[in-house]
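Data block below; observations after.
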Amino acid sequence: MHLYDQQHIKIYNSLSGQKEPFKSITEGYVGMYVCGPTVYSNVHLGNVRTFMSFDMVFRYLKHLGYKVRYVRNITDAGHLENDADAGEDKITKKARLEQIEPMEVVQRYTVDFHNILSIFNFLPPSIEPTATGHIIEQIELISTIIKNGFAYEVNGSVYFDVHKFNETNDYGKLSKRKLDDLIHNTRELDGQSDKKNPQDFALWKKAEPQHIMRWPSPWSDGFPGWHLECTAMSTKYLGDRFDIHGGGMDLKFPHHECEIAQNEAAKGQSPVNYWMHANMLHLNGQRMSKSTGNTVNPDELLSGDNKFFSKAYSPSVIRFFNAQSSYRSVLDLTDDGLLASEKGFHRLMDAINLLDNISSASTSTFNVSEWKQNCYDAMNDDFNSPILIAHLFDAAKYINQIKDGKASITSEDLKLLKQTMYAFTFDVLGLQNESKQESGTDKLSAAVDILIKLRQEARANKDFALSDKIRDELAEAGIQLKDGKEGTTFTTN
RNA sequence: GGCGUCAUGGCCGAGUGGCUAGGCAGAGGUCUGCAAAACCUUCUACAGCGGUUCGAAUCCGCUUGACGCCUCCA
């Protein structure tokens, strides 16, 4: 018996626009693909939000006992054009000006990407394939699509014939677009003269002489189109049809639409059962944009070294903030919002830390098993982490009441409560108990305990000047004393 | 212009055809030498205008506004 036999997930499927009961293709196994970053600059904070949401999905599926193969690619080809228009992107421009090897750019930002994700306590994906490592697979895929009559070659480049495809298939079913509408609304752009129709997209591009990243192919020395790598790598590792495909909302069209088209054209079937799209992250009510300066890097947010926020925020606070909203909603990153989350997060962690110190009784005044199922119900409902957190706060309240002697719990329920709290807080949400880590050093505890004792003595002697001095100066040092019925404890942060 | 998504209390953010979301902030109380913490109580909402319904913030239509995609983008 596995947890997934008892807990039934519903997933909002972008393809149908509805929540659907989740059923994996192979019982007990889940294949999940998420479009990864293009490593040409520091990882974008919005990108982090998307991956954070899917990290939570990954964690929950694993928690339920599924064997999950989670594939998240690194796009390291196709976009590193040495002939990019000037002023488009600072880093590409800089790389071009300094004549750095594209692979140096790739390496630098892949390392940055991994560093940031590990700071945020991401679980690594099962496979992290790169586009340049799968050129052969992509070329094979193109050959198949040509053979099936859905692509054509012009001047060494190969394009996907959207119009031809749409005669037998439905191009636009994911993004709810109609080809006719697209035809009437396509902007005229230069340099597309090779295409039969503006809606066609490149499967292979012949490289201009100054283009550095290039590979030989039956059609030309060139590089693959950017939609192709995901089709090649997802199906290579997950099969021609797999369970979940995720990505940012902005990838829905054209990227994911094209993936469906490529797969149907090459393999005769739609690749994905459940399409999931994470919504955008805003900064102070507006979309992040480098050109307007309304943007902040993950490391700037973590260090507090930026012009938007009053202080530094810890990785878990940012994770908590993210989990307090639905992955399908636009999330607005603001100082007030982070401040509120930070306080709530610490309150939750303080309650969890109390779990080690509360004692059990003969009865429970709280239905722990019902509460536990409520937590599962929240996550089962399209990974509704905000509701889960609301339930975690219910438990926090209960724990505090037990500590205050206003509620009681049996030892059996205490064990269950602790297990469940830990599982959801740390395993599923991926939060980390920062205060415990910091104060976990026994030497600090010992030193503070001495100060607590001295303060107690001062209070007993009615030397409140001294006792308050101890309390206030510890507070300034980031150590907060908490007087309770059972004596004084302390927390850091 | 086309397609799509969304509009919730001081702020952030769930959810639902009739029954408390939750967090932060505010107010009152308990506790305390005073605080803090914790606990208890409390405040308030569903953009506007129509319609369906016994009943709608929840369904439908319109209006207004915000956002996304249509061009690299998480």
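Protein chains get the first letters and strands the later ones, always in sequence-line order, with residue 1 at the start of each. The analysis underlying the following values was restricted to heavy atoms, covering all of them including side chains, and did not include hydrogens, waters or symmetry mates.
A cation-pi contact, defined as under 6.0 Å to the ring centre and within 45° of the axis, is absent between A:Lys372 and A:Tyr376. Remark: A:Arg59 fails to qualify as a cation-pi partner of A:Phe426 under the 6.0 Å distance and 45° angle criteria applied to the six-membered ring.
Taking atom P in both B:A45 and B:C6, the straight-line distance is 24 Å, to the nearest Å. For B:G65 and B:G26, the P atoms lie 36 Å apart once the distance is rounded to whole Å. Comparing the same atom, P, in B:C11 and in B:G48 gives a spacing of 15 Å after rounding to whole Å. Taking atom C1' on both B:G51 and B:U58, the two are 15 Å apart, rounded to the nearest angstrom. The separation of B:G17 from B:A56, taken at their C1' atoms, amounts to 6 Å, rounded to a whole angstrom. Straight-line distance between the P atoms of B:C12 and B:A7: roughly 13 Å, to the nearest whole Å. B:A25 and B:G10 have their C1' atoms separated by 7 Å, given to the nearest Å. Comparing the C1' positions of B:U20 and B:U44 gives a spacing of 14 Å, expressed to the nearest Å.
Atom CZ of A:Arg72 sits about 12.5 Å away from atom CD1 of A:Ile127, to the nearest 0.5 Å. Here the OH atom belonging to A:Tyr274 is positioned 15.0 Å from the OH atom belonging to A:Tyr12, to the nearest 0.5 angstrom.
A salt bridge does not link A:Glu257 with A:Arg177: none of the charged nitrogens is closer than 4.0 Å to a carboxylate oxygen.
Aromatic ring orientation, A:Tyr70 versus A:Phe58: tilted (interplanar angle from 30° to 60°). Ring-plane geometry between A:Phe54 and A:Tyr327 is classed as tilted, the angle between the planes lying from 30 to 60 degrees on a 0 to 90 degree scale. Relative orientation of the A:Trp275 and A:His277 rings is parallel, given thresholds of 30° and 60° on the angle between their planes. Taking the six-membered ring for Trp and thresholds of 30 and 60 degrees, A:Phe51 and A:Phe113 have ring planes more than 60 degrees apart, a perpendicular arrangement.
Rounding to whole angstrom units, CZ of residue A:Phe113 and C1' of B:A74 are separated by 10 Å. When rounded to the nearest whole Å, the span between NZ of A:Lys311 and P of B:C24 equals 15 Å. In this structure, CZ of A:Phe320 is placed 14 Å from P of B:G22, rounded to the nearest angstrom. The CD1-C1' distance, from A:Ile387 to B:C12, rounds to 14 Å in whole Å. The distance between atom NZ of A:Lys343 and atom P of B:C12, rounded to the nearest whole Å, is 16 Å. Atom OH of A:Tyr109 is separated from atom C1' of B:A74 by 18 Å (rounded to the nearest Å). Remark: P of B:G15 and CG of A:Asn384 are 5 Å apart, rounded to the nearest angstrom. Rounded to whole Å, atom P of B:G2 lies 17 Å from atom CZ of A:Phe253.
For the pair A:Ala465 and A:Gly46, nearest-nucleotide mapping onto RNA chain B gives the more 5' position to A:Ala465. Looking at which nucleotide of RNA chain B each of A:Gly344 and A:Arg287 is closest to, the 5′-most match is held by A:Gly344.
Taking 4.0 angstrom as the limit, A:Ser329 places a side-chain polar atom (N or O) nearer than this to OP1 or OP2 of B:A14. Regarding contacts with the backbone of B:G68, every side-chain N or O of A:Lys252 stays at 4.0 angstrom or more from both OP1 and OP2. The shortest distance between the side-chain N/O atoms of A:Arg328 and the OP1/OP2 oxygens of B:U5 is not below 4.0 Å. For the pair A:Thr38 and B:A74, the criterion of a side-chain N or O lying under 4.0 Å from OP1 or OP2 is met.
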Seminar exercise, completed: Readout for nucleotides 34-42 of chain B: B = base within 4.0 Å of protein heavy atom, S = sugar-phosphate only, - = neither; 5' to 3' it is BBBBSBS--
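When the nucleotides B:C70, B:G15, B:A21 are ranked by their closest atom to the side chain of A:Ala390, B:A21 comes out on top. Side-chain proximity of A:Thr50 to the nucleotides B:A74, B:G33, B:A14 is greatest for B:A74. Comparing B:G15, B:G13, B:A74 against the side chain of A:His44 picks out B:A74 as the nearest.
Counting heavy atoms of neighbouring residues, nucleotides and ligands inside a 6.0 Å radius, atom NZ of A:Lys10 does not exceed 12 of them. Other residues, nucleotides and ligands contribute more than 12 heavy atoms inside 6.0 Å of the NZ atom of A:Lys176.
Within 4.0 Å (heavy atoms only), A:Phe464 reaches at least one base atom of the nucleic acid. Counting any heavy atom pair closer than 4.0 Å across all strands shown, A:Gly337 reaches no nucleic acid atom. As judged by a 4.0 angstrom heavy-atom cut-off over every strand, A:Ser326 is placed among residues touching the sugar-phosphate backbone only.
Nearest heavy-atom pair, A:Phe321 versus A:Ser341, reported as atom, atom and distance to 0.1 Å: CD1-OG, 3.2 Å. The two atoms that bring A:Pro37 and A:Asn47 nearest to each other are CB-OD1, 3.7 Å, heavy atoms only.
RNA chain B is contacted by A:Asn279, A:Met280, A:Leu281, A:His282 of residues 275-283 of chain A, taking any non-hydrogen atom closer than 4.0 Å.
Inspection of the A:Gln373 and A:Asp377 side chains reveals an N or O donor paired with an N or O acceptor under 3.5 Å.
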Exercise. Using Watson-Crick and G-U wobble pairs whose two distances are both under 3.5 Å, how do you write the pairing of RNA chain B as dot-bracket, with | for links to another strand?
Worked result: (((((((..(((.....[...))).(((((.......)))))....(((((..]....))))))))))))....
